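What you see is a predicted model, and the numbers here were worked out from it, not measured in a lab. Residue numbering restarts at 1 for every chain, and letters A, B, ... go by the order of the sequence lines.
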Protein chains: 2
Amino acid sequence: MNLDEIDKNILQLLQRDSKITTKEISYRLKLSMTAIHERIKKLERQKIINRYVAILDKEKIDKNFLVFCHIKLIQHTKDNVSKFEREILKLEEVSECFHVSGDYDYILKVCVKNMKAYRNFLVNKLTTLQGISSTQSTFMISEVKNSTEINV
Amino acid sequence: MNLDEIDKNILQLLQRDSKITTKEISYRLKLSMTAIHERIKKLERQKIINRYVAILDKEKIDKNFLVFCHIKLIQHTKDNVSKFEREILKLEEVSECFHVSGDYDYILKVCVKNMKAYRNFLVNKLTTLQGISSTQSTFMISEVKNSTEINV
DNA sequence: GGTGAAAACACTCTCAG
DNA sequence: CTGAGAGTGTTTTCACC
C-alpha cells in the first residue's frame, strides 16, 4: 500500500476527473505514459481505486431534496441489526447509511424529489421495517460542499 | 431535461461504472453505438452528468475514521454564514457540508485517519473558525451503505 | 428520432531494452 | 522507467431509414 508522492498525485487527479488521460497525467507529472499506466493499473489491482463512476446533477434529475434521517433501533441484538441493515440496502432512496455512536444508531442520507416523496418514503418504506424505535429527520437547506475526493 | 427510459438506463450504467464502453451499452440497450454516443454527449452537455470520478477505498488509504460533525453558529447574519462557508470549503478533511434545518445549522462529514487526527482537526482547524457556537461529533462505527448512485 | 459503415484519431496496453 | 508498435475504443461524417 505504500504510496509515494507520484501515486498520491495520480489519485488526486483521478478523484477530480477520472476521464483524464494517461498522456495528460504523464505530462503533468513529468513521467512516461507507460510509468503512469503501470501505476494506475497497480492502484486498480490493489483496489485502492475502488471504481469509476459518473456523478449526476441532483437538481437536474429532480432528486435535490436531501434528508438526514437519524434512526434508533428497539433492540441491538445481532439479528435485529443485520436484518435492518439488509433491508436498508434495498431502499433505493437511501444513498448512504452509517452505523454510528451517540444519541441514535444510524444516520441515513436520503435523496428524493420533494417533501411529498420523502413522506411517502418514510411512511411506506422506512417505518415499515421492523425494529425501528424512532426516526428523526433533518432537512438540507443548501449544499455547501459535496465532494467524493479524499486527501491522500 | 426530459429523460426517456433509454437515457435513464444509460445514466444508471454510468453511475455504476463510468468505464463501460459505448459498445457495451449499445449491446445491453439494443441500440447502435452512434445513438448511445449522441445521448451520452447530450447528457454531458446538459450537465446532467456532472463529472466522472475515481472512488478510492478509504480503508486502504488510511482515512477510514468518519465523523459527522454538527455545528451551531452564534449568529446567522449573512456575513457570518458566507464567511463560515468559505472557510469550510478550504478544509480538506471535510468532504461534505450541508446547511440544515433543526437543532444545529450544519452537518459536516469529516474523513481522517484516526481519533488523534480528528482531535487535531477539531482543535487546530475547525474551532479556530469564527462564529461557531458549538460542535457535536458523531462517530461512525461501521459503513452499511455508501453509494454515489441516485435513482433516476 | 434512429441505423450502419468507414475513416481518422486518440488512447490503452504490451514488450524489449 | 522509457520508447515504440500493435490493438482497441472513440469520434466524426456520411448516406439513408
Tell me the interatomic distance from [X], atom [atom1], to [N], atom [atom2], rounded to whole angstroms.
X	N	atom1	atom2	result
A/K41	C/dC11	NZ	C1'	11 Å
A/K19	D/dT11	NZ	P	8 Å
A/I36	C/dC11	CD1	P	14 Å
B/M33	D/dT8	CE	P	14 Å
B/K30	C/dT3	NZ	P	13 Å
B/K23	D/dG9	NZ	P	5 Å
B/I6	C/dG1	CD1	C1'	10 Å
B/D7	C/dG2	CG	P	8 Å

Ignoring hydrogens, what is the shortest heavy-atom contact between B/K8 and B/L3? Give both atom names and the distance. CE-O, 3.8 Å

Aromatic B/Y118 / basic B/K116 pairing, under 6.0 angstrom, 45° off normal: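 Not satisfied by the 6.0 Å and 45° rule.
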
So, do [X] and [Y] sit near enough that their side-chain heavy atoms are less than 4.5 Å apart?
X	Y	result
A/F65	A/K113	no
B/L108	B/L126	yes
B/L66	B/V110	no

State whether A/R39 places a side-chain N or O below 4.0 Å from either non-bridging phosphate oxygen (OP1 or OP2) of D/dC1.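 Affirmative; the distance criterion is met.
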
For C/dC13, does either OP1 or OP2 sit under 4.0 Å from a side-chain N or O belonging to A/H37? yes

Kindly assign one of parallel, tilted or perpendicular to the pair A/F84 and A/Y106, based on the angle between their ring planes and the thresholds 30° and 60°. tilted

Which nucleotide, C/dG2, D/dT11, C/dT14, lies nearest any side-chain atom of B/A35?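 Taking heavy atoms from C-beta onward, the closest nucleotide is C/dG2.
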
Picking from D/dC1, C/dG4, C/dC13, the nucleotide nearest the side-chain atoms of B/S32 would be C/dG4

Find which nucleotide of DNA chain C each of A/E38 and A/T21 is nearest to by heavy atoms, and output the residue with the more 5' nucleotide.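 Whichever sits nearer the 5' end wins; that is A/T21.
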
Identify, between A/T22 and A/T34, the residue whose nearest nucleotide on DNA chain C lies closer to the 5' end.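 Checking each residue's closest nucleotide, the 5'-ward one belongs to A/T22.
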
Once you build an axis from the first five pairs and another from the last five of the helix from C/dG1-D/dC17 to C/dG17-D/dC1, how far apart in angle are they, to 10 degrees? 20°

In plain terms, say whether A/E44 and A/K41 are close enough for a salt bridge, that is, a side-chain N and a carboxylate O under 4.0 Å apart.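 Yes, A/E44 and A/K41 are salt-bridged.
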
